[in-house]
*Asks:* 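One structure, as structure tokens, below. Some questions next.
Here, residue 1 is the first one in the sequence, and each next residue gets the next number.
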Amino acid sequence: METKMNKRTDDRLLTEGLHPLDIDALVEARHPDPFSKLGLHQTDVGPVVRVLLPGATGVQVLDRDSSKPLGTLTQVHPAGLFIGFIDEMQAYRLNIDWHGTPQEVADTYSFGPVLDDDALNRISWGDPYAVMECLGSRPVVHGGVAGARFAVWAPNARRVSVVGDFNSWDGRRHPMRLRHNAGVWELFVPGLGAGTRYKYEIISRDGHALPLKADPCAMQSERPPATASVVADAEAIDGYAWTDSEWMNSRGPRQTVNAPISVYEVHAESWLRVPEEGNRGMNWHELAERLIPYAKSMGFTHLEFMPIAEHPFGGSWGYQPLGQFAPSARFGTPEQFAEFVNRAHEAQLGIILDWVPAHFPNDAHGLVEFDGTPLYEHADPREGYHQDWNTMIYNLGRNEVSAFLVASGLAWLKRYHVDGLRVDAVASMLYRDYSRKAGEWVPNMYGGRENLESIAFLKRLNHEVRQIPGAVTIAEESTAWPGVTASLEHGGLGFDFKWNMGWMHDTLHYMEEDPVNRKYHHNMFTFGMVYAYSERFLLPLSHDEVVHGKGSLIGKMPGDHWQKFANLRAYLGFMWTHPGKKLLFMGGEFGQFGEFNHDTSPHWHLLDDPFHGGLQKLVRDLNRVYGEEPALYKLDSDPHGFDWLIGDDAANSVFAFRRTDGEGRECVVISNMTPVPRLGYRVGLPRGGKWSEIVNSDASVYGGSNMGNGGVIHAENILSHGREWSAALTLPPLATIVLRAD
């Protein structure tokens with residue numbers, strides 16, 4: 001057979017069907033359609049195999065199944081173009097000689113397309129499920145051969161190649177096939193599997209070579225500071241053996257406005273570092289062993305992670321992500337993240353992820369000018385550049401970009417059983433003039449400041465999330481935009497909850513005041529109830545309040561050491577009983593004095609101190625009481641669940657209110673926000689009989705002075721505060737007490 005081949009190896013025959021311009025274009029990796037020339041083709045003089053293998057010294061063609069030699073290819077260009085004839089059109093493999101090192105592999109250019117037209121049409125229409133299913137990389141079997149499939153959206157590129165260790169990062173080796181109807185480049189590379197590192201080499205339409213790009217839809221990445229994408233074991237991820245069916249089937253009622261939701265916000269990398277090993281952060285397995293039991297023992301219902309999507313700079317805490325589909329390799333593999341979520345669910349603990357669709361960093365290996373044009377971002381910097389954060393703004397008016405982000409959100413919820421997404425920086429998305437001066441922004445089509453494309457995107461996201469049973473979305477929205485949590489059917493954005501930033505700012509400002517001055521700021525503690533039912537709120541004391549020189553929660557409190565802790569205990573007691581779900585950032589539960597530093601752990605050694613340990617006990621007990629008393633959560637978004645009993649005693653800085661579940665269970669909360677004990681302070685009560693003092697933030701076990709009411713109060717038939725019943729109470733200094741009607 002080699003003899004027959006050799007009889008046809010003169011240069012004219014070998015290059016049959018190849019124009020000299022084709023040869024130049026192939027060896028220079030600028031041919032518009034390499035599949036039309038490379039691989040096996042029928043010519044007038046017989047079947048010909050053409051391969052481009054820069055650096056190879058010899059290539060033999062083998063029968064794919066039997067490995068029987070079919071012929072030897074001849075190098076016709078020093079850049080590595082090999083050509084030769086075989087007797088018939090048949091499946092084959094290549095035996096490549098790399099300077100004495102043999103490699104036997106199927107020929108990439110012997111395979112047909114890997115994506116069908118229906119999938120491509122869905123991508124072009126902006127179907128997020130098509131993005132999830134088709135883009136990125138994954139191990140597949142194609143044409144009976146195992147390998148890896150790659151697909152990337154880059155409609156304006158002149159050429160895209162897959163590069164990696166498998167081809168010495170040489171873009172000439174694996175230029176991709178352009179599917180024109182979707183602007184998607186695809187390629188099947190036989191022999192590759194999970195764990196393969198890769199990037200895309202992209203030539204812009206003007207012929208400019210871009211920095212190597214990571215895959216926007218990769219499910220796995222290298223551990224930073226390395227930036228390559230990794231072919232994930234998609235079968236292991238999609239086929240993970242979940243054992244959380246009990247949680248998944250019951251989580252819906254656990255995450256409604258009528259349920260107790262208490263969230264522990266965590267920066268995964270620094271929650272508990274390992275000083276013996278270079279102060280490294282824990283991996284998912286270690287976090288499952290330590291964080292899940294801790295959060296559960298503290299009575300929290302959910303863990304919320306600052307963004308864990310892959311991000312290049314650790315100091316961004318994840319808020320500048322580039323791998324929107326990839327759990328950060330800082331903590332392990334995607335399968336290990338799935339294991340963490342599974343174990344959390346087995347412990348009856350929900351998982352919420354901070355998710356960032358508002359902007360992305362301008363790292364050269366990322367999304368910025370991805371195909372040589374502003375593809376993911378707006379071209380106009382007045383729309384596409386965040387001045388505050390030095391980041392790029394997604395062009396959400398583009399179907400493919402919107403679908404890319406919706407697909408990311410859905411991927412976390414569906415692939416990893418995540419229970420909710422806390423959507424970051426929603427306010428920056430809603431307003432075209434966000435943090436911009438006059439003349440620095442582009443009005444919408446009606447001349448207004450509302451970002452219509454972002455509004456449509458957020459509604460679309462929430463519509464899609466609604467299709468996932470029990471999953472929720474939470475908006476970090478810091479303005480008075482109407483209807484953030486209103487239903488889509490009623491013109492709202494469709495979120496389940498909204499962070500109540502106004503309540504947080506007002507009440508923290510109040511707490512920072514010296515108690516002697518609080519009477520002048522009394523309304524800051526009461527104003528939140530004016531709008532408490534305009535949205536479904538979550539009350540956040542998040543990482544944002546303990547960074548950038550703002551100090552810690554305990555550091556904001558006035559007074560001496562004792563008063564600082566008493567203030568914070570009273571404040572947390574007020575927060576846990578106020579309408580709205582709860583969120584507390586790590587370290588706040590025991591009152592660390594240092595503000596958040598992502599390079600160190602929370603100051604766990606402080607728990608040996610009775611004040612810090614006592615505060616932690618209070619948070620644990622507040623969570624317990626909150627979960628046990630439906631009056632404290634069931635009517636969070638119903639005005640019938642709350643009444644002010646005392647809202648106007650500014651002179652004494654005393655607040656009292658009633659909470660009820662509407663079914664007969666009632667609690668009364670009284671806060672004394674001065675260091676002066678109030679003895680015999682009469683408070684109107686909604687009913688007679690016995691009341692139990694179930695929380696007293698001044699109890700000695702919490703580090704308080706242990707003033708109180710002995711655990712039991714009997715209402716008297718004395719009119720007070722418009723109520724027929726009342727009681728003369730001891731109000732401890734700087735304390736919140738909770739009474740339950742028995």
*Asks:* Quick one: closest heavy-atom pair of Gly350 and Asp419, and the distance?
*Replies:* CA-OD2, 3.3 Å
*Asks:* From Asp496 CG over to Glu535 CD, what is the distance, rounded to the nearest 0.5 angstrom?
*Replies:* 12.0 Å
*Asks:* Do we get Arg422 above Trp499's six-membered ring, with its NZ or CZ under 6.0 Å from the centre and within 45° of the axis?
*Replies:* yes
*Asks:* For Ala403 and Val131, work out which heavy atoms get closest and say how close.
*Replies:* CB-CG2, 4.1 Å
*Asks:* Can you list everything that forms a ring pair (Phe, Tyr, Trp, His ring centres under 6.0 Å) with His208? Sequence neighbours excluded, please.
*Replies:* none
*Asks:* Between Tyr376 and Phe404, is the ring-ring contact (aromatic ring centres under 6.0 Å, His included) condition met? List the steps.
*Replies:* CA-CA 9 Å; Tyr376 286 88; Phe404 164 78; 5.1 Å; yes
*Asks:* Please, which pairs that meet salt bridge (Lys or Arg N to Asp or Glu O under 4.0 Å) have at least one residue in residues 151-162, sequence neighbours excluded?
*Replies:* Arg159-Glu201
*Asks:* Rounded to the nearest 0.5 Å, how far does CG of Leu539 lie from CE of Met575?
*Replies:* 5.5 Å
*Asks:* Suppose we call two aromatic rings close when their centres sit under 6.0 Å apart. Are His578 and Trp503 close by that rule?
*Replies:* yes
*Asks:* Looking at Glu477 and Lys498, is there a salt bridge between them, counting it only when a charged N and a carboxylate O are closer than 4.0 Å?
*Replies:* yes
*Asks:* Can you name the residues that form a ring pair (Phe, Tyr, Trp, His ring centres under 6.0 Å) with Tyr533, not counting sequence neighbours?
*Replies:* none
*Asks:* For residues Leu458 and Val426, report the shortest heavy-atom separation together with the two atoms involved.
*Replies:* CD1-CG1, 4.0 Å
*Asks:* Nearest 0.5 Å please: distance from the CG atom of Asp354 over to the CG atom of Asp424.
*Replies:* 6.5 Å
*Asks:* Quick one: salt bridge (Lys or Arg N to Asp or Glu O under 4.0 Å) partners of Arg223, sequence neighbours excluded?
*Replies:* none
*Asks:* Looking at CG of Asn567 and CD1 of Ile554, how far apart are the two atoms once the value is rounded to the nearest 0.5 Å?
*Replies:* 8.0 Å
*Asks:* Are Phe574 and Phe525 close enough that their ring centres sit under 6.0 Å apart?
*Replies:* yes
*Asks:* Using a strict 4.0 Å threshold on nitrogen-to-oxygen distance, state whether Arg177 and Glu186 make a salt bridge.
*Replies:* yes
*Asks:* Drop me the distance from Ser552's OG to Met557's CE, to the nearest 0.5 angstrom.
*Replies:* 8.5 Å
*Asks:* What residue pairs, at least two apart or across chains, pass salt bridge (Lys or Arg N to Asp or Glu O under 4.0 Å) with a residue in residues 450-464?
*Replies:* Arg432-Glu453
*Asks:* Go through the structure and list residues passing ring pair (Phe, Tyr, Trp, His ring centres under 6.0 Å) with Tyr198, not counting sequence neighbours.
*Replies:* Phe150, Tyr200
*Asks:* Going through the checks in order, is the ring-ring contact (aromatic ring centres under 6.0 Å, His included) test met by Phe537 and Phe497?
*Replies:* CA-CA 5 Å; Phe537 283 120; Phe497 299 99; 9.9 Å; no
*Asks:* Taking His522 for the side chain and Gly647 for the main chain, is one N or O donor matched with an acceptor at less than 3.5 Å?
*Replies:* yes
*Asks:* Say whether, by atom type as modelled, one donor and one acceptor occur between the side chain of Arg415 and the main chain of Ile237 under 3.5 angstrom.
*Replies:* no
*Asks:* Mind checking ring pair (Phe, Tyr, Trp, His ring centres under 6.0 Å) for Phe305 and listing every partner two or more places apart, or none if nothing turns up?
*Replies:* Trp284, Phe340
*Asks:* Please evaluate residues Glu310 and Arg330 with respect to the criterion salt bridge (charged side-chain N to carboxylate O under 4.0 Å, His left out), reporting the C-alpha separation (whole Å), side-chain torsions for both, the decisive distance (0.1 Å), and the verdict.
*Replies:* CA-CA 8 Å; Glu310 194 60 87; Arg330 293 168 174 85; 2.9 Å; yes
*Asks:* Please check if the side chain of Trp185 supplies one atom and the backbone of Ala154 the other of a donor-acceptor pair under 3.5 Å.
*Replies:* yes
*Asks:* What residue pairs, at least two apart or across chains, pass salt bridge (Lys or Arg N to Asp or Glu O under 4.0 Å) with a residue in residues 314-329?
*Replies:* none
*Asks:* Tyr431 and Ala427: which non-hydrogen atoms are nearest, and at how many Å?
*Replies:* CD1-O, 3.2 Å
*Asks:* If only atom types and distance count, is the side chain of Asp363 paired as donor or acceptor with the main-chain N or O of His365 below 3.5 Å?
*Replies:* no
*Asks:* To the nearest 0.5 Å, what is the distance between NZ on Lys213 and CG on Asp215?
*Replies:* 12.5 Å
*Asks:* How far apart are the closest heavy atoms of Trp125 and Asn399, and which atoms are they?
*Replies:* O-ND2, 3.9 Å
*Asks:* Between His378 and Tyr385 (judged by ring centroids, cut-off 6.0 Å), do the two rings come close enough to count as a pair?
*Replies:* no
*Asks:* Is the centre of the Tyr264 ring less than 6.0 Å from the centre of the His302 ring?
*Replies:* no
*Asks:* Tell me if a side-chain donor or acceptor on Glu476 pairs with a main-chain N or O of Val423 at a distance below 3.5 Å.
*Replies:* no
*Asks:* Checking His543 against Glu265: is there a side-chain donor and acceptor pair closer than 3.5 Å?
*Replies:* yes
*Asks:* In terms of ring plane angle, is the pair Phe360 and Tyr394 parallel, tilted or perpendicular, where the classes change at 30° and 60°?
*Replies:* tilted
*Asks:* Using the salt bridge (Lys or Arg N to Asp or Glu O under 4.0 Å) rule, collect all pairs that involve residues 312-328, keeping only residues at least two apart or in two chains.
*Replies:* none
*Asks:* Residues two or more places apart in sequence or in another chain: which of them pass salt bridge (Lys or Arg N to Asp or Glu O under 4.0 Å) with Lys581?
*Replies:* Asp636
*Asks:* Compute the ring centroids of Tyr319 and Trp355, then answer whether they are less than 6.0 Å apart.
*Replies:* no
*Asks:* Residues two or more places apart in sequence or in another chain: which of them pass salt bridge (Lys or Arg N to Asp or Glu O under 4.0 Å) with Arg197?
*Replies:* Asp165, Glu222
*Asks:* Please confirm whether the ring centroid of Trp441 lies under 6.0 Å from the ring centroid of Tyr434.
*Replies:* no
*Asks:* Does the Arg536 side chain pair with the main chain of Thr485, one donor and one acceptor, at a distance under 3.5 Å?
*Replies:* yes
*Asks:* Looking at Asn451 and Ser454, would you say the former's side chain and the latter's main chain have a donor-acceptor pair under 3.5 Å?
*Replies:* yes
*Asks:* Which residues pass the side chain to side chain contact (heavy atoms under 4.5 Å, CB included) test with Tyr446, sequence neighbours left out?
*Replies:* Asn444, Leu452
*Asks:* For Arg466 and Gly494, indicate whether the former's side chain and the latter's backbone hold a donor-acceptor pair under 3.5 Å.
*Replies:* yes
*Asks:* For Gly318, is there any backbone N or O sitting under 3.5 Å from a side-chain donor or acceptor partner on Ser316?
*Replies:* yes
*Asks:* Closest approach of Trp412 and Pro327, non-hydrogen atoms and distance?
*Replies:* CH2-N, 3.5 Å
*Asks:* Test your reading of the model: is there a side-chain donor-acceptor pair from Glu377 to the backbone of Pro374, 3.5 Å cut-off?
*Replies:* no
